[in-house]
Amino acid sequence: MRIATFNINGIKARLPRLIEWLEETRPTVACLQEIKSQDDGFPADEFEKIGYHAIWHGQKSFNGVAILADGVKPEETQRGLGVDGPKEGEGEQARYLEAHVNGVRIACLYLPNGNPHPGPKFDYKLAWMEKLRARMRELWQSEQPTIVTGDFNVIPHDDDVWSPKAMQDDALMQPESRDAYQRQLADGWTDAVRTLNPRGGVWTFWDYQRGAWQRDHGFRIDHCLLSPELADRLTAVGVDKDYRGREKASDHTPVWVELADG
DNA sequence: ATGTCGATTGCGAATCGA
């Protein structure tokens, strides 16, 4: 089976491109982030038409995550991590959704960006990562085949970015962000893209600004973390880079892992 | 030199978030 993650940056603006990608690459499971849609605006019918069943966790204007599966309805196991947003009285943002699909536990996340650093948004990012770590420990201990995937908004190493110097003040590569990410790996999770590309140089995001795509000024922030049960089944990873260059593209590309049958 | 997008408000163009 192939499990993909794709920060689509707006499901309404991206729908034709998203349908095109699903039909052309046909992932078994697709985890989406930044749907930027409320629950009742989610275009589930459009996915049903091409054979995908979905669950989603929406929010007005920003954030929002969804899990699509080919021919089977994802069985939701959790939504949210119980972290209030950075503004007073804001409540929780829609950033985490978890389900069972075909015997695999799927966690789809959109981790807070954290800019500007330092500040309340960065503090929120770190608090969110602490809650995520706690949930991932529970998942790990369940000993089920599990993937935690999505937009982590963390550049793990200097060779995961076109210019560490240009990005040095960004929340995506602060030592605190990186340390929190590395703690997840130390808990026993496998960064699938890193494992099969140990020298780095793989980008999953190119900014809309400053001609970043044309100059190949990108970095890697969309990750697939595998539990030991799934890491043993990993056969390939990929970035569907072609989609970044198309009309009305997201600023992220899809990233996927191929897993042998369990 | 925040140089581009998407959503929202509310019907043009500003604001916010990334």
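Atom CG in Asp170(A) sits roughly 13 Å away from atom C1' in dG17(B) (whole-Å rounding). One interatomic measurement links the two molecules: CZ of Phe205(A) to C1' of dA18(B), which rounds to 7 Å at whole-angstrom precision. Spacing between atom CD1 of Ile155(A) and atom P of dA18(B) amounts to 15 Å, rounded to whole angstrom units. If you take CD of Glu90(A) and C1' of dC16(B), they are 13 Å apart, rounded to a whole angstrom.
Checked by atom type, the side-chain pair Tyr124(A)/Gln93(A) shows a donor-acceptor distance below 3.5 Å. A donor-acceptor pair shorter than 3.5 Å cannot be found between the side chains of Thr146(A) and Gln144(A).
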Start with the C-alpha gap between Phe219(A) and Trp162(A), add the side-chain angles, then the distance that decides, and say whether ring-ring contact (aromatic ring centres under 6.0 Å, His included) holds. CA-CA 6 Å; Phe219(A) 42 83; Trp162(A) 65 280; 8.6 Å; no
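Between dG10(B) and dT15(B), the two P atoms lie 14 Å apart (nearest whole Å). Across dA13(B) and dA1(B), the matching P atoms stand 26 Å from one another, rounded to whole Å. Rounded to a whole angstrom, the distance from the C1' atom of dG12(B) to that of dA7(B) is 15 Å.
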Under 4.0 Å protein heavy-atom contact, by nucleotide of nucleotides 3-12 of chain B - B base, S sugar-phosphate only: BBSSSSS---
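Remark: Glu88(A) CD is loosely packed, at most 12 non-hydrogen atoms of other residues, nucleotides or ligands lying under 6.0 Å away.
Between Phe47(A) and Phe42(A), the ring-plane angle classifies as tilted under the 30° and 60° cut-offs.
Taking the ring centre of Tyr181(A) as origin, the terminal cationic atom of Arg178(A) falls outside the region bounded by 6.0 Å and 45° from the ring axis.
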